[in-house]
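Throughout, residue positions are numbered sequentially from 1 according to the sequence presented.
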Amino acid sequence: MQKKVIIIAVIGAFLGIFLYYSLANVKPTVNDNSPDWIPIEEAQQMAATSDKLIFVDVFEIGCKYCRAMDREVFPDSTVRQVLDANYIPVRIDGNSEEQITFNGEQVTSKAFAQSKGAYVFPTSLILDDQGNVIKKKTGYMGVDEFRQFLYQ
């Protein structure tokens, strides 16, 4: 009887340690050269007073292609030059119920994404200061393709 308790305790401790380290490594990594993502309301105000357009990255937390763009495309120095020079970068979780302010109205991130036709992730949008879609592309884009998308 006492052997069973000891074996169960050892197995439980092992599983606990294994689970802890497994979950600790699941945290998303933050890239050093990622754009400084700005809330959509602030981006609209900035776009109204500048000659820049708004770039919106509509993503989903579990999307592997969204993570790939975040890891490979957005930190690229040539992409950053184009983004920083011509756009105000915004990031929206297209499946979130988080409230955002867009055009003076409170909407969920999901409702905003769907109103712009973003049902598949990732979706890249270029908007004017009024929130009108100027350009839209759905799916993963490599560095070269994304740079071409940003050039109008």
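The closest donor-acceptor contact from the side chain of D128 to the backbone of Q130 lies under 3.5 Å. No side-chain donor-acceptor contact under 3.5 Å links D129 to the backbone of M46. With hydrogens and angles disregarded, no donor-acceptor distance shorter than 3.5 Å links the side chain of K52 to the backbone of L83.
Atom CG of D36 has 12 or fewer neighbouring heavy atoms from other residues, nucleotides or ligands inside a 6.0 Å radius. Around atom OH of Y140, more than 12 heavy atoms belonging to other residues, nucleotides or ligands sit under 6.0 Å away. Annotation: Q99, atom CD; neighbour count of heavy atoms from other residues, nucleotides and ligands within 6.0 Å is above 12. The number of heavy atoms from other shown groups lying within 6.0 Å of NZ (K137) does not exceed 12.
Ring centroids of W37 and F74 are separated by less than 6.0 Å, placing the two rings close together.
Taking both residues in full, the closest heavy atoms of D76 and E72 are given as CB-O, 4.2 Å, listed atom of the first, atom of the second, then distance. Closest of all the heavy-atom pairs between A113 and G94 is CB-CA, 3.9 Å. Among all heavy-atom pairs drawn from I88 and A47, the shortest one is CD1-N, 3.4 Å. The minimum heavy-atom distance between Q106 and T101, with the atom names listed, is OE1-OG1, 2.7 Å.
In this structure, the side chains of V143 and V79 come closer than 4.5 Å at one or more pairs of heavy atoms. Between T78 and R147, some side-chain heavy-atom pair lies under the 4.5 Å cut-off. Residues I54 and Q44 form a side-chain contact, since some pair of their non-hydrogen atoms from C-beta on lies under 4.5 Å apart. With a 4.5 Å cut-off on side-chain heavy atoms, I61 and N95 do not count as touching. With a 4.5 Å cut-off on side-chain heavy atoms, V133 and L127 count as touching. Within the 4.5 Å cutoff, side-chain heavy atoms of F146 are placed close to those of M69. Side chains of S115 and V107 form no contact here, defined as non-hydrogen atoms less than 4.5 Å apart. Side-chain contact between V56 and K116 is absent, with no heavy atoms from C-beta onward closer than 4.5 Å.
To the nearest 0.5 Å, atom OG1 of residue T108 and atom CD of residue Q114 are 7.5 Å apart. Note that CD of E145 is 9.5 Å distant from OG of S124, once rounded to the nearest 0.5 Å. For the atom pair CG of D93 and NZ of K110, the computed distance is 10.0 Å after rounding to the nearest 0.5 Å. Taken from CZ in R71 to NZ in K64, the straight-line distance is 10.5 Å, to the nearest 0.5 Å. Taken from CD in E98 to OG in S109, the straight-line distance is 4.5 Å, to the nearest 0.5 Å. Expressed to the nearest 0.5 Å, how far CG of N103 lies from CG of N132 amounts to 8.0 Å.
By the rule that hydrophobic residues join a cluster once side-chain heavy atoms approach within less than 4.5 Å of another member, I126 and I92 end up as members of separate clusters. If you chain together hydrophobic residues whose side chains sit under 4.5 Å apart, I6 and I11 never meet in one group. Residue F59 is not grouped with residue L150 when hydrophobic side chains (ILVMFWY) are merged at heavy-atom distances under 4.5 angstrom, including chains of intermediate members. Note on V90: it clusters hydrophobically with F112, by side-chain heavy-atom contacts below 4.5 Å among ILVMFWY residues. A single hydrophobic cluster is not seen to contain both Y87 and I40; linkage of ILVMFWY side chains at heavy-atom distances under 4.5 Å, directly or through other members, places them apart.
Between F55 and F149, the ring-plane angle classifies as perpendicular under the 30° and 60° cut-offs.
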Self-check item: Worked verdict on R67 versus D70 for salt bridge (charged side-chain N to carboxylate O under 4.0 Å, His left out)
Solution: CA-CA 5 Å; R67 288 191 310 265; D70 196 34; over 6 Å; no
Quiz item: Checking side chain to side chain contact (heavy atoms under 4.5 Å, CB included) for the pair K136/T123: CA distance, chi angles, key distance, verdict?
Solution: CA-CA 7 Å; K136 176 179 113 175; T123 296; 4.0 Å; yes
